[in-house]
Colleague: 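Quick one: this structure, given as structure tokens, is what I'll be asking you about.
Indexing begins at 1, ligand by ligand and atom by atom, following the structure's order. By convention here, the first residue in the shown sequence is residue 1.
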Amino acid sequence: MTRHDVAIVGGGVVGLSVAYFVKRLAPSADVAVVERDPTYEFASTLRASGGARRQFSCPENIAMSSSGIPFIPGADEELAVDGEPAHVEWRAGGYLFIVGAEAVETLRANHAAQRGQGVRADWLDADALRARFPSMNLDGIVAGVHTPDDGWCDPNGLLQGLRRKARALGVRYVADRVVAIEHDRLRVRALRLASGESLAADCIVNAAGAWAKELSSMVGMRLPIEPLRRFEHYFETPNAIEPLPYVKDTARLAFRPEGRGYSGGLVDSNEPRGYDFGVDHDYFERVVWPALAHRFPAFEACRCRRTWSGLYEQNELDGNPVIGRWAGRMENFFVVAGFSGHGMMHAPAAGRAIAELIVNGRYDTLDLTRLGYRRIEQNAPYPERGIL
Ligand SMILES: Cc1cc2nc3c(=O)[nH]c(=O)nc-3n(C[C@H](O)[C@H](O)[C@H](O)COP(=O)(O)OP(=O)(O)OC[C@H]3O[C@@H](n4cnc5c(N)ncnc54)[C@H](O)[C@@H]3O)c2cc1C
């Protein structure tokens, strides 16, 4: 049996962020990350679209974005190893949320909340939208909010940068699958791995993404986190369009520029839950293209070049992550999962928050108590009123 101070299950962007920040706060800490698939074939991180935005309603989400997003453009340098930078490919292209009359009050309240937390967020009425984005059909749209400091990156670049840096700082990366967690009533003790190795740890972190529910069930903790398949598409159009930010609407159409074309999709919240990676190649034509072509007629002639699927780790209680220790039960068991489609952008802030809890026993920079497991135990949703 090997022994570690901290054992993290899941080597995606979230688990690696926890590992990195633990080492930053406590350089001598002995940290292991257990990842069953070092190629990340099914990991959500590698299938994500890379968007990072401050447009949320819950103060914790706005704060995680405000404090964590700046980490991404700085990551090339911050995660450099022996002078070799990371390659996160940050693009500060901004975000634009657009709404019809039915959602304008929500947008207004969220805008006020964002401004109240110091976010640069510009209210655009229909005339301002028309002037700024002449390609957009404003039929049914009454307003938008533009956040110019938001943007997108290459999620794989962020993950690989974190992985390389964490290892350079001494984190042990274990390519193995956790099959059981040894525990007694009040504490977790060790991870049992498929290879037969046991890995004892003073504390264990569940960063298993869409598989977090299975992991927590090994210690009897119920998590309402389900795998939700969604498609991402890369598409091109021969027609000229002005430079666009990451555009989102209330029907969950979301897309952004990518190379010579665009990357995006339209989330179907009614998709049956499960570990399904199958690709419906008609989905773009049937669902995404009509929405796109309606909003931007220049996309009438667009061609979908590639479709892939990936899993959201959907928190069915309220769509917000579960972050923190299992207070009052197994105090050395931590969860950081259930980001419901926002895990890449919130990984730096959430990783640092969990690291603070582990190393210092409290949140120092951001108080994420309201996102803790208590609300799950009490069945008290804390929902996001932003556009998802
Ligand atoms: C199509 C799509 C688009 C998205 N777009 C965005 C976006 O624009 N912005 C954004 O912020 N987020 C986006 N997301 C969400 C984002 O990808 C996730 O929230 C984030 O990647 C979660 O990171 P993670 O490290 O928790 O999960 P993962 O990257 O899935 O990592 C979890 C890891 O745990 C490992 N694991 C699981 N069980 C075990 C076990 N028993 N033993 C060992 N290892 C185990 C898995 O192999 C996996 O590698 C998108 C997701 C999808 C699918």
Side-chain angles (χ1 to χ4, degrees), residues 7-19 32-53 56 61 64-65 68-69 72 95 150-156 158-159 162-163 173-181 191-195 199 204-218 225 227-234 246 248 252 254-256 258 263-267 271 275 277 279 307-315 319 321-323 335-351 388:
I8 299 159
V9 186
V13 70
V14 172
L16 288 168
S17 179
V18 175
V33 172
V34 184
E35 169 55 56
R36 66 179 171 202
D37 176 18
T39 72
Y40 296 104
E41 183 179 2
F42 297 111
S44 301
T45 304
L46 263 64
R47 292 162 182 259
S49 129
R53 53 154 158 123
F56 286 96
N61 285 331
M64 278 199 285
S65 294
I69 292 175
I72 301 175
Y95 254 77
D150 292 344
W152 53 89
C153 72
D154 172 11
N156 184 38
L158 182 59
L159 180 147
L162 282 165
R163 184 163 78 152
Y173 187 88
V174 183
D176 211 329
R177 184 163 57 89
V178 173
V179 292
I181 301 177
L191 298 174
R192 233 181 286 143
L193 309 183
S195 62
L199 209 146
I204 289 174
V205 181
N206 177 357
W211 298 268
K213 179 175 152 181
E214 280 76 9
L215 215 278
S216 274
S217 72
M218 294 176 189
I225 296 173
L228 165 64
R229 179 180 64 161
R230 62 150 292 195
F231 302 120
E232 183 80 9
H233 316 270
Y234 172 73
Y246 204 131
K248 278 180 83 82
R252 301 192 83 176
F255 70 99
R256 63 167 175 83
E258 169 67 37
S263 180
L266 197 159
V267 179
E271 172 76 18
Y275 296 104
F277 289 91
V279 173
T307 296
W308 64 96
S309 63
L311 299 176
Y312 272 7
E313 65 289 36
Q314 186 68 25
N315 182 349
V322 180
I323 299 176
V335 176
V336 54
F339 288 89
S340 310
H342 310 133
M344 193 220 70
M345 67 181 94
H346 284 159
L388 302 171

Colleague: Taking only heavy atoms of G50 into account, list the atoms of ligand 1 that are under 4.0 Å away from them.
Modeller: 7 (C), 8 (O)
Colleague: Counting heavy atoms only, which part of L16 comes closer than 4.0 Å to ligand 1: side chain, backbone, both or neither?
Modeller: neither
Colleague: Using heavy atoms and a threshold below 4.0 Å, how should the contact between A207 and ligand 1 be classified: side chain, backbone, both, or neither?
Modeller: backbone
Colleague: Do any nitrogen or oxygen atoms of D37 lie less than 3.5 angstrom from nitrogen or oxygen atoms of ligand 1?
Modeller: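 No - when backbone and side-chain N and O of D37 are compared with those of ligand 1, no distance drops under 3.5 Å.
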Colleague: What are the atoms of ligand 1, with element, lying closer than 4.0 Å to any heavy atom of G51?
Modeller: 7 (C), 8 (O), 9 (N), 10 (C), 11 (O)
Colleague: Just heavy atoms, cut-off under 4.0 Å: does E214 contact ligand 1 by side chain, backbone, both, or neither?
Modeller: neither
Colleague: For atom 4 (C) of ligand 1, which candidate among A175, A48, G15 holds the nearest heavy atom?
Modeller: A48
Colleague: Report yes or no: is the cationic atom of R163 (NZ for Lys, CZ for Arg) under 6.0 Å from the centre of the six-membered ring of Y173, at an angle within 45° of the ring normal?
Modeller: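 Geometry flag: set, cation within 6.0 Å and 45°.
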Colleague: Distance under 4.0 Å to a non-hydrogen atom of M345: what atoms of ligand 1 satisfy this?
Modeller: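 The list of qualifying atoms is 9 (N), 10 (C), 11 (O).
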Colleague: Give the atoms of ligand 1, by number and element, whose distance to some non-hydrogen atom of L311 is under 4.0 Å.
Modeller: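 Per the distance check, 53 (C).
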Colleague: Please could you name the atoms of ligand 1 that G10 approaches to less than 4.0 Å, counting only its heavy atoms?
Modeller: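 Listed by number with element, the hits are 33 (C), 34 (O), 35 (C).
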Colleague: Tell me whether G341 has any N or O atom under 3.5 angstrom from an N or O of ligand 1.
Modeller: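 Looking only at distances, the answer is yes, because the N/O contact criterion of under 3.5 Å is met.
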Colleague: Give a yes-or-no answer on whether the side chains of S65 and H346 include a donor-acceptor pair shorter than 3.5 Å.
Modeller: yes
Colleague: Just how far is it from atom CG of L215 to atom CG of L191, taken to the nearest 0.5 Å?
Modeller: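 Reported to 0.5 Å precision, the distance equals 8.0 Å.
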Colleague: Would you mind running through ligand 1 and noting each atom that sits below 4.0 Å from a heavy atom of D176?
Modeller: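 Counting from 1, the qualifying ligand atoms are 43 (C).
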Colleague: What residue and heavy atom of the protein are closest to atom 41 (N) of ligand 1, and at what distance?
Modeller: V178 O, 3.1 Å
Colleague: Going by the closest heavy atom to atom 19 (O) of ligand 1, which one wins out of M344, E313, M218, E41?
Modeller: E313
Colleague: Under the 6.0 Å and 45° cation-pi test, does R53 pair with F56?
Modeller: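 Flagged: R53 positioned over aromatic ring of F56.
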Colleague: Could you list the atoms of ligand 1 found under 4.0 angstrom from a heavy atom of V34?
Modeller: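 This gives 43 (C), 44 (N) as the contact atoms.
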